[in-house]
Amino acid sequence: MHVYIGGAYNGKRNYVKQHYQHKVQHLFEGHIPEDTAFESQDVIIIGRFEQLVQQHAHLTEDEIVARLMEKLKQLDRQATLVCICTDMGRGIVPLEKEQRFLRDTCGRLYQAMFAHSEQVIRIWYGIPQIMKEE
């Protein structure tokens with residue numbers, strides 16, 4: 001799993017598209033594909049994790065993280081999985097309960113993704129900063 005994280009509109013998608021431009025790319029925004037007919041050389045790109053978390057808001061944080069990580073790990077075994085994550089935290093605590101739940105759950109999901117990933121890169125206005133590389 002390769003994870004790219006950065007603020008909104010910091011160039012994450014452009015960077016990923018250029019970095020993997022010579023490979024077959026499958027882009028999914030706000031959902032994880034159920035189809036498992038990917039080739040090992042394919043690149044599966046998933047973004048908008050905040051939408052995924054919102055779709056499972058009826059579950060606890062731990063249940064959401066476990067469920068999504070199970071699906072992500074399955075895809076990661078099939079092909080190159082690339083996750084594009086929007087950094088939502090930065091120390092600002094939302095006043096609304098739903099927004100706090102979204103921010104906290106995304107943070108826990110990102111922690112699990114980072115732990116499982118072989119590469120984590122922060123994109124800051126189009127400039128990559130390697131945070132983890134195995």
Side-chain angles (χ1 to χ4, degrees):
M1 181 184 307
H2 301 238
V3 178
Y4 294 83
I5 188 165
Y9 306 102
N10 269 236
K12 299 177 298 291
R13 281 165 185 74
N14 286 339
Y15 183 86
V16 166
K17 288 177 185 177
Q18 290 175 358
H19 187 74
Y20 297 98
Q21 67 183 335
H22 299 296
K23 299 191 178 214
V24 177
Q25 299 178 16
H26 305 276
L27 176 63
F28 301 93
E29 297 280 4
H31 73 279
I32 297 175
E34 298 296 329
D35 181 13
T36 58
F38 297 105
E39 303 290 328
S40 61
Q41 69 273 10
D42 289 352
V43 176
I44 303 166
I45 304 169
I46 300 177
R48 308 240 187 267
F49 283 90
E50 61 278 4
Q51 290 177 7
L52 283 165
V53 168
Q54 286 176 325
Q55 292 167 16
H56 294 87
H58 59 284
L59 302 172
T60 67
E61 287 180 8
D62 291 338
E63 291 170 331
I64 293 170
V65 171
R67 192 173 287 190
L68 294 179
M69 282 303 297
E70 180 181 324
K71 292 178 181 183
L72 293 173
K73 287 177 182 179
Q74 180 183 5
L75 288 173
D76 191 39
R77 287 188 291 271
Q78 296 174 23
T80 300
L81 177 61
V82 174
C83 299
I84 300 175
C85 304
T86 301
D87 186 357
M88 300 174 60
R90 306 305 253 172
I92 299 171
V93 179
L95 295 175
E96 299 163 349
K97 180 180 178 180
E98 295 81 12
Q99 291 300 313
R100 281 194 311 274
F101 178 81
L102 175 62
R103 185 205 60 164
D104 293 349
T105 306
C106 282
R108 285 177 179 57
L109 176 61
Y110 295 169
Q111 288 178 47
M113 290 167 62
F114 287 16
H116 178 76
S117 69
E118 55 194 68
Q119 183 182 57
V120 178
I121 296 178
R122 175 180 293 159
I123 303 295
W124 186 253
Y125 297 107
I127 299 171
Q129 175 189 16
I130 297 172
M131 298 174 68
K132 176 182 178 182
E133 191 163 49
E134 294 179 357

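As the structure is a prediction and not an experimental result, all values here were calculated from the model.
Contact record, Leu27 with Lys17: CD2-CE, 4.3 Å, taken as the closest heavy-atom pair. Heavy atoms only, all atoms of each residue included: Leu109 and Val65 are closest at N-CG2, 3.7 Å. Nearest heavy atoms, Gln25 versus Tyr20: NE2-O, 2.8 Å. Nearest heavy atom pair, residue Gly126 against residue Pro128, reads O-CD, 3.6 Å. The two residues Leu52 and Leu68 come nearest to each other via the heavy atoms CB-CD1, 4.2 Å. Taking both residues in full, the closest heavy atoms of Leu75 and Ile46 are given as CD1-CD1, 3.8 Å, listed atom of the first, atom of the second, then distance.
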### Task
Begin from the C-alpha positions of Asp76 and His116 and carry the test side chain to side chain contact (heavy atoms under 4.5 Å, CB included) through to its verdict.
CA-CA 10 Å; Asp76 191 39; His116 178 76; 3.3 Å; yes
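Note that the CE atom of Met1 and the CG atom of Leu81 stand 5.0 Å from one another [nearest 0.5 Å]. For the atom pair OG1 (Thr80) and CD1 (Ile45), the distance works out to 10.0 Å, reported to the nearest 0.5 Å. Remark: Asp87 CG to Ile5 CD1 distance equals 4.5 Å, nearest 0.5 Å. Between the CD atom in Gln41 and the NE2 atom in His22 there is a gap of 15.5 Å [rounded to 0.5 Å]. Atom CD of Gln119 and atom NE2 of His2 lie 5.5 Å apart (nearest 0.5 Å). Atom SG of Cys106 sits about 10.0 Å away from atom CD of Glu61, to the nearest 0.5 Å.
Criterion: ILVMFWY side-chain heavy atoms under 4.5 Å apart, direct or through other members. Under it, Met69 and Leu59 are part of a common hydrophobic cluster. When hydrophobic clusters are built by joining Ile, Leu, Val, Met, Phe, Trp and Tyr residues whose side-chain heavy atoms come closer than 4.5 Å, directly or via intermediates, Ile64 is grouped together with Met113. Ile84 and Phe114 end up in different hydrophobic clusters when Ile, Leu, Val, Met, Phe, Trp and Tyr side chains are linked at under 4.5 Å. Note on Tyr110: it does not cluster hydrophobically with Ile121, by side-chain heavy-atom contacts below 4.5 Å among ILVMFWY residues. Following chains of ILVMFWY side-chain contacts shorter than 4.5 Å, one cannot reach Val120 starting from Val16, and the two form parts of different hydrophobic clusters.
For the pair Arg100 (side chain) and Leu95 (backbone), a donor-acceptor distance under 3.5 Å is present. One N or O on the side chain of Lys12 and one on the backbone of Gly7 form a donor-acceptor pair closer than 3.5 Å. Looking only at distances, no side-chain donor or acceptor of Glu50 sits under 3.5 Å from a matching main-chain atom of Leu102. Tyr15 contributes no side-chain N or O that, together with a main-chain N or O of Tyr125, makes up a donor-acceptor pair within less than 3.5 Å. A donor-acceptor pair under 3.5 Å is absent between the side-chain atoms of Asp42 and the main chain of Ala79, judged by distance alone. In this structure a side-chain-to-backbone donor-acceptor pair under 3.5 Å is present from Lys132 to Ala115. A side-chain donor-acceptor contact under 3.5 Å links Gln55 to the backbone of Gly30.
Gln51 places none of its side-chain heavy atoms less than 4.5 Å from the side chain of His31. The closest side-chain heavy-atom distance from Phe49 to Thr86 is not below 4.5 Å.
Ring orientation note: the planes of Phe28 and His26 are close to parallel, at an angle under 30° on the 30°/60° scale.
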